[in-house]
Peer 1: 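Please find one structure pasted underneath; my questions will follow.
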Amino acid sequence: MFFTSFGKYLLLLKSVFKKPEKASIYWKEIMHEMNSIGVGSLGLIAIISTFIGAVMTMQIAFQLVSDLIPNSIIGQINRDSSILELSPTISALVLAGKVGSSISSQIGSMRVTEQIDALEIMGINAPGYLILPKILAGVTMVPVLVILSIFLALSGGLVGGSLSGAVTASDYIMGITGDFNGYTVAVALVKAFVFGFVITSVAAYHGFYVKGGALEVGQASTQGVVVSCIMILATDYILTALML
């Protein structure tokens, strides 16, 4: 069953990346999807990242109670954790639920109402027209959201740590600016790029091959989110093992 589904997934991707019939139409769809995926998710990512950064700072301070460890290490640990793991992975899992379910239900509804069949009858490459703009928007906007998430997580750690008394602002800033390795940002962006592709393509696959009615569309949407989350965690492990 796995190999059958994986083969259908690869064949769908092959159809998705065919040469577009009219680039201007695809460009409009890409802009629309970038607005939907990126701008539409800003608020949710901002709230989650800010609170995660604040909570992580307080938890790190709670665990580092030794007088031999400088308080600046709190900011350093929060910085590296946010860049390498928390911001890319948690943002991707959140987007898999928000964006992935929307993509699956949208394409699935078009399938059960025979709109996709109508596109194919008119000679339009339905996978390319419906899925390619979503994938391109995903691999473009998810890294942007992850960069924003990192900034807000660090800012949230500064505010949360200062308000709770866990760490002073000067010690925290010293921690996040000292011994910074830019390679960690590159790792985070590579993860975000791959996660963006996984979220959009897996969700679109489950929506594109749905059969039945409204009930099956809902089931396909749920299944798409579950599989996307599993794939995100698996690729996160693989990328971490390869790049670190």
Peer 1: Rounded to the nearest 0.5 Å, what's the gap from CG on Leu148 to OG on Ser41? Could you check?
Peer 2: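 These two atoms lie 11.0 Å from each other.
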Peer 1: Of all the heavy-atom pairs spanning Ala92 and Ile232, show the shortest one and how long it is.
Peer 2: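 Closest approach of Ala92 to Ile232, heavy atoms only: O-CD1, 3.6 Å.
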Peer 1: Out of curiosity, Phe3 CZ to Phe6 CZ, how far, rounded to the nearest 0.5 Å?
Peer 2: 9.0 Å
Peer 1: Are Glu33 and Ile30 side-chain neighbours, meaning at least one heavy-atom pair lies under 4.5 Å?
Peer 2: no
Peer 1: Indicate yes or no: at least one non-hydrogen side-chain atom of Ser91 is less than 4.5 angstrom from one of Leu145.
Peer 2: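 No, too far: nothing below the 4.5 Å cut-off.
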Peer 1: Does any N or O in the side chain of Glu216 come within less than 3.5 Å of the main-chain N or O of Gly213, such that one atom is a donor and the other an acceptor?
Peer 2: yes
Peer 1: Taking the side chain as every heavy atom from C-beta outward, state whether Ile116 and Ile107 have any pair of such atoms under 4.5 Å apart.
Peer 2: yes
Peer 1: Can a donor-acceptor pair be found, under 3.5 Å and without considering hydrogens, that links the side chain of Ser36 to the backbone of His32?
Peer 2: no
Peer 1: Check whether Ile37 and Phe195 end up in the same hydrophobic cluster, where Ile, Leu, Val, Met, Phe, Trp and Tyr are linked by side-chain heavy atoms less than 4.5 Å apart.
Peer 2: yes
Peer 1: If I compare all heavy atoms of Ala188 with all of Val146, which pair ends up nearest, and what's the gap?
Peer 2: O-CG1, 4.5 Å
Peer 1: Is a side-chain donor or acceptor of Thr200 paired with a backbone partner of Phe197 at a separation under 3.5 angstrom?
Peer 2: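 Indeed, once roles are kept as given, a pair shorter than 3.5 Å links the two residues.
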Peer 1: Kindly indicate whether the side chain of Gln76, heavy atoms from C-beta on, has any atom under 4.5 Å from the side chain of Ile73.
Peer 2: yes
Peer 1: State whether the side chain of Ser72 and the backbone N or O of Asp171 hold a donor-acceptor pair below 3.5 Å, judged by distance alone.
Peer 2: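 No, the answer is negative, given that no donor and acceptor are paired below the 3.5 Å cut-off.
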Peer 1: Ring centres of Tyr205 and Tyr209 under 6.0 Å apart?
Peer 2: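 Yes.
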Peer 1: According to a 4.5 Å side-chain heavy-atom criterion applied to Ile, Leu, Val, Met, Phe, Trp and Tyr, with indirect links allowed, do Phe193 and Phe17 form part of one hydrophobic cluster?
Peer 2: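 Yes: a chain of side-chain contacts under 4.5 Å links Phe193 to Phe17.
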Peer 1: If we count only N and O atoms by modelled type, under 3.5 Å, do the side chains of Ser104 and Ser221 hold a donor and an acceptor together?
Peer 2: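 There is no such pair (donor and acceptor under 3.5 Å, judged by atom type) between the side chains of Ser104 and Ser221.
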Peer 1: Return the minimal non-hydrogen interatomic distance between Glu120 and Ala126, and the atom names on each side.
Peer 2: CG-CB, 3.9 Å
Peer 1: Between Arg111 and Phe208 (side chain of the first, backbone of the second, donor and acceptor by atom type, cut-off under 3.5 Å), is there such a pair?
Peer 2: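 Yes, because the side chain of Arg111 sits within donor-acceptor range (under 3.5 Å) of the backbone of Phe208.
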Peer 1: Report yes if some heavy atom in the side chain of Asp236 is under 4.5 Å from a heavy atom in the side chain of Lys191; otherwise report no.
Peer 2: yes
Peer 1: Let me confirm one number: the CG-CG distance from Leu86 to Asp80, rounded to the nearest 0.5 Å.
Peer 2: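 These two atoms lie 11.0 Å from each other.
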Peer 1: Do we see a donor-acceptor contact under 3.5 Å between the side chains of Thr57 and Asn78?
Peer 2: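 Indeed, the side chains of Thr57 and Asn78 share at least one donor-acceptor pair under 3.5 Å.
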Peer 1: Is the shortest heavy-atom distance from the side chain of Leu95 to the side chain of Val142 under 4.5 Å?
Peer 2: yes
Peer 1: Any chance you could lay out the side-chain contact (heavy atoms from CB on, under 4.5 Å) test for Val167 and Leu158, step after step, and finish with the verdict?
Peer 2: CA-CA 8 Å; Val167 60; Leu158 174 61; over 6 Å; no
Peer 1: About how many Å separate OG1 of Thr140 and CD1 of Ile135, when rounded to the nearest 0.5 Å?
Peer 2: 11.5 Å
Peer 1: Tell me whether Val16 shares a hydrophobic cluster with Leu10, the cluster being built from Ile, Leu, Val, Met, Phe, Trp, Tyr side chains joined at under 4.5 Å.
Peer 2: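 Yes; Leu10 is reachable from Val16 via cluster members.
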Peer 1: Does the side chain of Tyr129 reach to within under 4.5 Å of the side chain of Ile25, using non-hydrogen atoms?
Peer 2: yes
Peer 1: Would the distance check show the side chain of Ser101 and the main-chain N or O of Lys98 forming a donor-acceptor pair, the cut-off being under 3.5 Å?
Peer 2: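 Checked: pair present.
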Peer 1: Any chance you could measure Ile199, atom CD1, to Lys134, atom NZ, to the nearest 0.5 Å?
Peer 2: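 Answer for the CD1-NZ pair, Ile199 versus Lys134, is 14.5 Å.
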Peer 1: What are the two closest non-hydrogen atoms of Leu130 and Pro133, and how far apart are they?
Peer 2: C-CD, 4.2 Å
Peer 1: Among the clusters formed by ILVMFWY side chains lying less than 4.5 Å apart, do Ile77 and Met174 turn up in the same one?
Peer 2: no
Peer 1: List the steps and the verdict of side-chain contact (heavy atoms from CB on, under 4.5 Å) for Asn71 and Thr168.
Peer 2: CA-CA 8 Å; Asn71 286 334; Thr168 62; 5.9 Å; no
Peer 1: Between Thr50 (side chain) and Ile47 (backbone), is there a donor-acceptor pair under 3.5 Å?
Peer 2: no
Peer 1: Tell me if the CE atom of Met56 is crowded by more than 12 foreign heavy atoms within 6.0 Å.
Peer 2: yes
Peer 1: Taking all non-hydrogen atoms of both residues, which atom of Ser228 and which atom of Val202 are closest, and how far apart?
Peer 2: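 In terms of heavy atoms, the two residues are closest at OG-CG1, 3.5 Å.
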Peer 1: Is there a side-chain contact (heavy atoms from CB on, under 4.5 Å) between Gln223 and Val226 once you walk through the steps?
Peer 2: CA-CA 5 Å; Gln223 189 176 10; Val226 172; 5.7 Å; no
Peer 1: Identify whether Phe62 and Met58 are in the same connected component of the hydrophobic contact network (ILVMFWY, side-chain heavy atoms under 4.5 Å).
Peer 2: no
Peer 1: I'd like to know if the side chain of Glu85 pairs up with that of Thr89 as donor and acceptor (distance under 3.5 Å, no hydrogens or angles considered).
Peer 2: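 Judged by distance alone, the side chains do pair up.
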Peer 1: Can you tell if the side chain of Leu152 reaches within under 4.5 Å of the side chain of Ile45, non-hydrogen atoms only?
Peer 2: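 In short, these two side chains do not touch, never coming nearer than 4.5 Å.
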Peer 1: For the atom pair CG (Leu132) and CG (Leu13), what is the distance rounded to the nearest 0.5 Å?
Peer 2: 10.5 Å
Peer 1: I need the minimum non-hydrogen distance between Tyr172 and Ala153, along with the two atoms involved.
Peer 2: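 For Tyr172 versus Ala153, the nearest heavy atoms are OH-O, 4.2 Å.
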Peer 1: Given the ring of Phe180, does Arg79 sit roughly above its face, with NZ or CZ under 6.0 Å from the centre of the six-membered ring and within 45° of the axis?
Peer 2: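 That pair does not qualify as a cation-pi contact.
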